[in-house]
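The structure appears right after this line, and notes come after that.
Since this is a predicted model, take the numbers as computed values, not measurements. Chain identifiers are assigned alphabetically (A, B, ...) following the order of the sequence lines, protein sequences preceding nucleic acid strands; residue numbering begins at 1 within each chain.
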Amino acid sequence: METNQKENAPTNVVGKPLDRVDGPAKVTGAARYSAEINVPGTVHGVLKTSTIAKGRITSIDTSRAAKEPGILNIFTHENLPKPAKTPKQIEKWRAAQSYLPMQDNQIQYAGQPVALVVATTLEAATQAAALIKVTYQVETPIDSYLDPKAELFDPQKIQSGKKDAHVVRGNPQQAYDGAALKHEATYVHAINHHSPMESAATLAVWEGADKLTVYEASQNVTMHQGNLAELLGMPREQIRVVTKYIGGGFGCKGSFWPHTILTVLAARAVNRPVKLALTRQQMFTGVGHREDQEQTLKLGATADGKLVSIVHTKKATTSPWDNYTESNGKIMDMLYACENYSTVYELARANVMTSVWMRAPGEGPGSFALESSMDDLANQLNIDPLEIRLRNYADHDHSNGKPWSSKSLKQCYTRGAELFGWDKRNPKPGQTRRGRMLVGHGMASATYPVHSSQGTARVRLFADGHAVVEAGATDLGTGTYTVMTQVSADALGLPPEKIRFELGDTRLPTAPGSGGSVAAGTVASSIMAAAQDVWDKMVKMAVADKKSPLYKAKPTDVKVELGRMFLIKDPKKGETLVAALGRSGQPDIEGSGTGRYGAGYEEKNFGQNGADPNNDNKEKKTGGHSMHSFGAHFCEVEVDPDLGTIRVTRWVGVHGAGTVLNLKTATSQMTGGAIYGIGAALMEDTFRDPNFARYTNADLAGYHVPVNADIPNMQVEFVPETDPYINLLGVKGIGELGMVGVTAAVANAVFNATGRRLRSLPMTPDKVLEAMRLPA
Amino acid sequence: MNNFSYIQADKAKEATAAKRDDKSAAFIAGGTTLLDLMKSNVENHDQLIDVNLLPFRGIEMTKDGLRIGALERMSDVGAHPLVAQQFPAVAESLLLAASAQLRNMASIGGNVLQRTRCGYFRDTAFPCNKREPGTGCPALEGDNRNLAILGTSETCIATSYPGDLSVALIALDAVLTLENAKGKQRQVPITKFYLLPGTTPQRETVLEADELIVAVTIPQTEAARKSKYLKVRDRASYAYALVSAAVGLEVQGGTIRAARVALGGVGAQPWRCSEAEKMLVGKPATEATFRAAAELALRGAKPREHNAYKIEMAKNTLVRALSEVAV
């Protein structure tokens with residue numbers, strides 16, 4: 001069952017900056033990541049990938065490779081056993097890329113798997129892969145939407161058909177044409193790669209012909225299980241997917257990629273467990289990327305800066321088969337009060353693999369365009385960047401007319417400005433120097449939706465005062481283990497060390513994966529619902545137990561808080577769950593529950609129109625609430641006008657994200673989100689050669705992510721926020737929020753420092769120097 | 001990476017003879033460059049000759065200058081007080097390079113022999129004249145943002161040496177001591193050690209197949225004592241230079257008496273700017289002088305689509321570095 005709480009229940013450990021419960025296992029090496037799992041008899045798989053981006057394989061010579069010691073098999077499209085279905089034949093294919101390589105001799109992108117070597121040692125498999133000689137008939141590839149050979153097309157739908165490629169609200173073009181103030185600009189975003197520390201990996205273990213266990217670096221074990229079941233034509237119950245620890249994912253482990261099924265098929269063929277981890281280079285062509293893209297944004301405003309029209313278009317590269325592209329328009333539709341809005345997506349097919357969601361997909365690049373343009377508007381009007389945002393503050397969601405379930409953006413602006421010392425900012429660009437450096441201050445807003453999600457959990461409370469709590473969620477390294485331990489501890493009234501929280505296994509109750517910022521809120525609510533199931537059972541037991549202080553009480557008169565049952569009218573009368581259970585003679589008690597996150601929760605507890613049935617003040621808004629987290633970033637940069645380098649020297653981020661489950665892990669996650677954004681702002685850029693459609697910097701020496709020296713002391717705070725509509729605990733996910741607006745905050749600070757507007761990411765020294773050559 | 005045999009040499013002659021007898025062998029010291037290249041199959045050696053036990057150690061002042069054993073580690077040399085005080089450009093070039101872990105492993109001799117970071121060279125899927133002579137140079141029309149604008153040829157525009165140390169060494173007229181399989185040593189000024197690509201970009205140095213670098217000697221000069229290494233890169237640490245400058249000045253009464261100027265990141269090899277040096281001598285140590293020297297240093301630069309920015313960046317880097325050592 002699931003009980004609506006109008007206000008947050010008292011907490012003991014929820015919210016506290018508890019150290020990570022998995023910390024000791026990680027620092028001592030006891031935590032085993034997927035590629036570190038050892039199963040007896042495991043052999044090693046290594047992929048050989050295509051050197052060309054387009055054409056076909058004319059021959060594969062494996063004769064030299066086969067002579068390496070310990071080679072069990074070398075699979076190519078000629079001998080790899082076929083899956084029961086290919087992704088194209090699967091109606092419910094839950095992944096960005098629908099193309100499965102090694103089914104024929106066609107080559108569609110550079111880095112596409114062409115062979116899989118299985119050997120008794122990793123070294124032998126690696127060397128054998130190098131010795132395979134593949135001969136290609138090469139065709140000229142298309143490298144991107146900028147390729148003269150590329151043709152832009154209207155995809156109608158984007159993201160596997162889930163979203164419209166055209167959205168119109170009001171009459172945007174007319175409103176723009178008639179606007180007193182007009183602003184138009186084009187923004188370019190480089191190709192980005194997720195680049196988690198742990199590379200993608202699969203260990204496939206067949207336990208008989210129809211039973212499979214896969215240890216996968218997965219952000220979503222249920223997704224991997226479902227796709228494998230479809231591909232293999234097996235009932236999903238026969239497939240177990242396990243992911244106990246993840247070394248970062250940022251989205252790339254939340255989709256299904258070829259290496260997983262290729263490893264599974266190879267393992268079945270060699271009849272041995274096969275372990276395969278992508279090399280760092282293969283990570284650039286094996287698990288998607290953020291697509292190369294440009295956006296043109298037109299803002300129309302009244303003479304005092306109130307938006308009247310937002311006209312957005314996006315062009316981007318996509319793969320030969322899929323129409324994936326980030327939904328950049330979403331944030332433009334709802335962040336500000338504006339009655340007229342449109343977005344149009346145009347894609348071009350190129351010889352690249354399908355791109356995929358990467359931290360803050362859509363909101364990341366979208367906010368770069370929107371929040372940069374808003375900064376320009378403020379400058380045009382000679383008003384503070386905060387002021388333009390306040391003038392356009394959306395007191396409800398203009399994209400759908402709904403009221404916000406909660407919104408603390410104003411508080412974030414105020415608190416952020418205070419922490420940063422925004423009032424000391426020099427509004428005139430290019431005027432502030434620190435030695436040779438130009439100093440600038442910039443800010444931007446952040447927001448991310450509360451997507452609808454649901455999941456289940458199981459709680460088993462033992463009479464000796466410990467509990468096992470289970471949900472098939474995943475922990476990206478951001479703290480799922482820890483925060484769920486805290487939620488469980490408070491729900492059962494136990495200290496956190498008495499809780500064992502298990503995740504990352506399809507045998508556990510089904511939970512959403514870590515993606516779209518839904519995990520924390522959904523899983524926490526599921527655990528709470530499962531705990532409430534235990535409460536109900538315990539209350540029933542207590543009121544029937546002569547020895548209980550609650551004997552003969554009506555169950556509806558009993559309340560449970562922090563693991564103690566008591567009479568609402570006489571709170572002194574009561575006892576703990578553990579005390580009652582101990583007396584019962586029962587060794588344990590189990591509860592299970594379904595947690596809902598977002599709209600699904602609201603519909604169940606408040607009805608379709610979001611009205612609280614227990615609330616006399618009945619709001620009559622249709623369709624419930626719009627649910628978003630919000631925040632604000634404030635940034636200081638130093639720009640070297642002669643050398644072109646930008647250094648972020650100060651950072652303040654203040655966010656309103658509902659209940660914060662653990663102040664320490666949440667602060668770390670928001671800090672990490674900002675650092676991820678600083679990477680996109682200043683250095684992350686994968687170069688795809690225009691003639692070969694192949695990356696030229698596919699490793700971590702060539703693809704720069706921020707190092708410690710790039711990052712100043714980061715200050716992150718949360719403003720208190722209670723939201724009864726979004727889930728049982730009022731939690732808003734924070735996986736993406738911290739990154740949204742970051743690139744714009746940096747660009748706005750660079751503008752304030754130099755008087756130059758950089759609209760192409762990343763803002764590397766060459767681009768800064770080019771901008772500095774132009775008049776301010 | 002292919003299978004290879006491994007020997008550890010106790011004596012120089014043992015190492016150099018083994019190398020002479022096996023054309024496919026390579027010396028290994030820190031291995032920080034070599035292992036990467038072997039793992040990506042850019043280099044395939046059937047034998048590795050470990051030279052770490054050879055007595056090419058020591059950091060000491062001699063009559064010819066500071067002598068650094070080729071097997072000294074970057075971190076040790078960078079932190080050495082003699083280097084820091086008498087040759088700051090050398091110390092800075094070492095400490096601004098790579099990461100702490102790499103600096104702890106990488107040897108001075110190996111550093112001088114680093115190979116290019118050109119993405120086409122380091123990925124065997126691409127043609128590359130340096131890796132496979134005659135196959136072509138996709139960098140000409142491709143990703144050349146990090147590549148050279150001086151000393152290039154139509155066959156290769158790589159910054160063949162991508163590192164930092166040799167830029168400082170070339171500015172300060174360092175001399176390499178080489179030893180061959182006959183046990184014979186020769187001295188090669190580092191200004192003559194590197195080869196321009198021309199039509200043979202695969203030939204990068206004058207080092208013979210059986211030769212080992214024994215030591216580096218840097219003459220002690222006033223300009224070396226007042227030297228600086230300035231590095232511009234895409235992130236604050238652990239990145240190769242887009243542009244770097246190693247400069248040294250001897251200034252008396254506001255007039256430049258001696259100048260040492262070299263650039264990294266712009267030349268097909270570490271780039272000594274002799275004309276700029278000549279021009280600087282006798283001139284007042286002012287920004288206008290430095291600007292004129294920078295113009296001279298970049299004269300004849302041949303940019304490509306993505307690296308034209310290096311001209312201005314290099315000029316500004318030189319002016320900045322010279323201004324800072326002139327103080």
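No part of A:D685 comes within reach of chain B, as not one of its non-hydrogen atoms sits under 4.5 angstrom from that chain. Only the side chain of B:R145 has a heavy atom closer than 4.5 Å to any heavy atom of chain A. Only the side chain of B:N41 comes within contact range of chain A, with heavy atoms under 4.5 Å apart. With a threshold of 4.5 angstrom between heavy atoms, A:R773 approaches chain B through side-chain atoms but not through N, CA, C or O. Heavy atoms closer than 4.5 Å to chain B are found in both the backbone and the side chain of A:P765. For chain B, the nearby part of A:E68 is the side chain; its heavy atoms alone come within less than 4.5 Å. Only the side chain of B:D123 comes within contact range of chain A, with heavy atoms under 4.5 Å apart. B:M1 touches chain A through its backbone: at least one of N, CA, C or O sits under 4.5 Å from a heavy atom, while the side chain does not. Only the side chain of A:N691 comes within less than 4.5 Å of a heavy atom in chain B; its backbone stays farther off. Of the atoms belonging to A:I678, not a single heavy atom falls under 4.5 Å from chain B.
The CD atom of B:E312 lies 5.0 Å from the CG atom of A:L769; values are rounded to the nearest 0.5 Å. For the atom pair B:K39 NZ and A:Q281 CD, the distance stands at 9.5 Å (nearest 0.5 Å). In this structure, CZ in A:R694 is found 5.5 Å from CZ in B:F126, a value given to the nearest 0.5 Å. For the atom pair CG of B:N2 and OG1 of A:T126, the computed distance is 12.0 Å after rounding to the nearest 0.5 Å.
More than 12 heavy atoms of other residues, nucleotides or ligands shown are found within 6.0 angstrom of CD on A:Q106. Within 6.0 Å of CZ in A:R433 there are more than 12 heavy atoms belonging to other residues, nucleotides or ligands. More than 12 heavy-atom neighbours from other residues, nucleotides or ligands sit within 6.0 angstrom of CD on B:Q202. Heavy atoms of other residues, nucleotides or ligands lying less than 6.0 angstrom from CZ of A:R280 number more than 12.
The closest side-chain heavy-atom distance from B:H306 to A:F687 is below 4.5 Å. The shortest distance between side-chain heavy atoms of B:L242 and A:D766 does not fall below 4.5 Å. Side-chain contact between B:S323 and A:R436 is present, with at least one heavy-atom pair separated by less than 4.5 Å.
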Between A:D642 and B:V319, is a side chain to side chain contact (heavy atoms under 4.5 Å, CB included) present by the stated rule, with each step listed?
CA-CA 10 Å; A:D642 305 315; B:V319 173; over 6 Å; no
Please lay out, stage by stage, how A:L643 and B:T317 fare under the test side chain to side chain contact (heavy atoms under 4.5 Å, CB included).
CA-CA 7 Å; A:L643 307 183; B:T317 305; 3.5 Å; yes
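Considering only heavy-atom pairs separated by less than 4.5 Å from chain A, the leading option among B:N316, B:D143, B:D234 is B:D143. Comparing A:T49, A:T51, A:I711 by heavy-atom pairs within less than 4.5 Å of chain B, the highest count is held by A:T51.
Closest non-hydrogen pair, A:P690 versus B:E141, comes out as CG-O, 3.8 Å. A:F692 and B:P138 get closest at one heavy-atom pair: CE1-CB, 3.6 Å. Between B:S237 and A:A709, the shortest heavy-atom contact is CB-CB, 3.9 Å.
Taking the six-membered ring for Trp and the full ring otherwise, the centers of A:H704 and B:Y238 sit at least 6.0 Å from each other.
Ion pairing between A:D640 and B:R320 holds under the 4.0 Å rule for side-chain N and carboxylate O.
B:R235 pairs with exactly one of A:V707, A:L682, A:T764 by the side-chain contact (heavy atoms from CB on, under 4.5 Å) rule, that one being A:V707.
In summary, the side chains of A:D689 and B:Y120 do present a donor paired with an acceptor at a separation below 3.5 Å, with no hydrogens or angles considered.
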